[in-house]
Amino acid sequence: MMQRPGTWPVLLLLWLLALLVGIGARPLLPLDELRYSAVAWEMWQRGEFLVPYLNGEPYSHKPPLFFWLIHAGWWLLGVNEWSARLLAPLLTLLSLYATARLAARLWPGDAVTPRLTPLVLFASVFLVAFFTWLQIDMLLVLLTVLAMHGVMQAAQGSPRGWLLAGIALGLGILAKGPISLLHVLPPVLLAPVWLSDAPAGGWRRWYAGALAAVALAAVIALAWALPAAAAGGTDYSRAILWGQTAGRVVGSFAHAHPIWWYLPWLLVLFAPWILLPWLWSATRAAWSGQDTGLRFCMTWLVAVFVLLSLVSGKQLKYLLPLLPAFALLIARVLACMERQPVWQRPWLLAVILALLGVVGMLAPLRLEQASWLNEVHPGWGLGLLVGAVILLLLRPLMPQQYPQRMVLLSVMAVCIGELGVLRVGAPFYDVQAASRLVARAQAGGQVVAVPFRYHGEFTFHGRLRQPVEQLMPGEEQAWAERHPEDYLVLTGRDLPADYPRAIYNQPWRSGRMVIVRGDVLIPYNGAPRVLE
């Protein structure tokens, strides 16, 4: 077996610790977590598994595979929150294992790189902070790694690799849309860059196999998309067949950023490894141009990053499928280093950690953007500061011992942030009580309306079976006059904590959420400031 005893037990223990802290520190949060749980619930309670729905309308922003996986958990265990929240962490575990197996395929004679790879990958601070969230991206990470398995299998002379690549690509489209192709096709098309010799059968056969894989992926995706387009109506059909593909790539309606926007975020994505200067020189030294696996990883990283930078819509989480390529590269570099300690102290990493600690200590005393930030105890920032000092004082390590220390550091830092910050802010984002009130109102025959864009905030926790009426800002008073006995949900920074005759009132993000009956809606200083 490629794993030396001790690697996976340590990794599983840290995975479990980060999971329990991440899920225990906070409820499902807006916007994505509440939205995705709402979509899954609406599909489930409607018995409609072909077309996703949100607030009674077809939801075209995401394909259904992630929601189907949530439904699989509910089919086994009943509808509950925890099985849905465990999905992304379980996908992360599979991604760690699949990436280790990919390392074994890239370097068949090397037993060290596959052992180090999952540790290097899970040492990513961003991955540790992200993997407990109810998000689709960890599914795309796994499917990208599986597709790369197929690509490398084909490169090593087995045409069956294109079958695996095509299936993984098709499922990737069902998970995230055609944008998933951008994570796999660049290294396939640039194979002459990283393959020393032409593959078996020549380049014509290689590109024919790649085309067959894409065709298989298209068949898998269209097997859902065509019947879904017919069932969802004209607008839904146009959205899934065009709006979420070329339309988003050319001119994204959300998360649009300039071409250079990802560059500074690479420090966050690749931390803590990118903050170790000795590793930079080790990477340059390991690059001889003769290592096919390293050339493959570098081609994968650079080509996909450039293409994603050209796409209009950008979020840091969109780069997550690049982390396996980075982890493979770093693990290989560490495996090839000489067996002597790294005498250079991790000064840059310690400085960044210390700065974060200082910010954590001072920010609660200075920030006034959201009241809950002032309730964060400065001691949590002191914990990061102490960690930075300890990091500098620890004895030098062998290069191949660094992954375990980096995993411990990343899990520690993320747990401090979640326990010290997210746990304090959680009540200001928790809509469980409000959702139950909305559900009781709807069960009693009352209409519930919101004057802001509704993302399903109350749907899952309230197990709503009717849509929430969405108003345009400024329509509250007119709606209240027509619905004196129905409920209106208001959010804003100007809403008073003692809103007269409010049925429900809670702190909400940096303002408040108030639920009132239409016949008691009163004028107040300006329209409510909608919190998107």
Is it true that a side-chain atom of Ser124 and a backbone atom of Leu121 form a donor plus acceptor pair closer than 3.5 Å?
-> no
Side-chain touch Pro118/Trp15, heavy atoms, less than 4.5 angstrom = no
Set of side chain to side chain donor-acceptor pair (under 3.5 Å) partners for Gln153, sequence neighbours left out | Ser158
Qualifying ring pair (Phe, Tyr, Trp, His ring centres under 6.0 Å) pairs with a residue from residues 146-198, counting only residues at least two apart or across chains = Trp162-Trp206, Trp194-Phe296
With sequence neighbours left out, write down each residue that passes side chain to side chain donor-acceptor pair (under 3.5 Å) with Glu81, or none if nothing qualifies.
-> Arg85
Would you check if Arg405 and Leu394 make a side-chain contact, meaning some heavy-atom pair closer than 4.5 Å?
-> yes
Partner set under ring-ring contact (aromatic ring centres under 6.0 Å, His included) for Phe130, not counting sequence neighbours | Phe126
Can you check whether Ala123's main-chain N or O pairs, donor with acceptor, with Ser410's side chain at less than 3.5 Å?
-> yes
What pair of heavy atoms forms the shortest contact from Met138 to Ser95, and how long is it?
-> O-OG, 4.0 Å
Can you check whether Leu174's main-chain N or O pairs, donor with acceptor, with Trp224's side chain at less than 3.5 Å?
-> no
To the nearest 0.5 angstrom, please state how far the CG atom of Leu146 sits from the CG atom of Leu171.
-> 9.0 Å
Could you pull out the closest heavy-atom pair between Leu353 and Ala388, with the gap in Å?
-> CD2-N, 3.6 Å
Heavy atoms of Leu102 and Met152 approach each other most closely as CD1-CG, 4.1 Å
Distance-only donor-acceptor pairs under 3.5 Å for side chains of residues 25-33, two or more places apart:
from	atom 1	to	atom 2	distance (Å)
Arg26	NH1	Glu33	OE1	2.7
Arg26	NH1	Glu33	OE2	3.2
Arg26	NH2	Thr132	O	3.1
Asp32	OD1	Arg35	NH1	2.4
Asp32	OD2	Gln135	NE2	3.4
Asp32	OD2	Lys317	NZ	2.8
Glu33	OE1	Leu29	N	3.0
Glu33	OE2	Leu134	N	2.8

Do you know the tightest heavy-atom contact between Gly166 and Ile220?
-> O-CD1, 4.0 Å
Residue set satisfying side chain to side chain donor-acceptor pair (under 3.5 Å) with Trp203, at least two apart, ordered chain then number -> none
Side chain to side chain donor-acceptor pair (under 3.5 Å) with Trp343: which residues, sequence neighbours excluded?
-> none
Which heavy atom of His461 sits nearest a heavy atom of Val431, and at what distance?
-> CD2-CG2, 4.0 Å
Quick one: which residue pairs count as a ring pair (Phe, Tyr, Trp, His ring centres under 6.0 Å) with a foot in residues 393-416, not counting sequence neighbours?
-> Trp278-Tyr402
Tell me, please, which residues at least two apart from Arg295 pass salt bridge (charged side-chain N to carboxylate O under 4.0 Å, His left out).
-> none
Partners of Tyr207 by ring-ring contact (aromatic ring centres under 6.0 Å, His included), sequence neighbours excluded?
-> none
Counting only heavy atoms not in Arg345, do more than 12 sit closer than 6.0 Å to its CZ atom?
-> yes
Any side-chain heavy atom of Val125 sitting closer than 4.5 Å to one from Pro272?
-> yes
Which of parallel (below 30°), tilted (30 to 60°) and perpendicular (above 60°) describes Phe122 and Phe131?
-> perpendicular
Please confirm whether the backbone N or O of Ser309 pairs with a side-chain atom of Lys314, one donor and one acceptor, at under 3.5 Å?
-> yes
Paired with Phe460, the ring pair (Phe, Tyr, Trp, His ring centres under 6.0 Å) test is passed by just one of Trp41, Trp74, Tyr36, Trp44, namely Trp74
Please list, chain by chain and in numerical order, all residues satisfying ring-ring contact (aromatic ring centres under 6.0 Å, His included) with Trp265, sequence neighbours excluded.
-> Trp261
With a 3.5 Å cut-off and sequence neighbours excluded, list the donor-acceptor pairs that the side chains of residues 321-332 form with protein atoms.
from	atom 1	to	atom 2	distance (Å)
Arg332	NE	Asp291	OD2	2.9
Arg332	NH1	Asp110	OD2	2.7
Arg332	NH2	Asp291	OD2	3.1

Evaluate whether atom CH2 of Trp287 has more than 12 neighbouring non-hydrogen atoms of other residues, nucleotides or ligands under 6.0 angstrom away.
-> yes
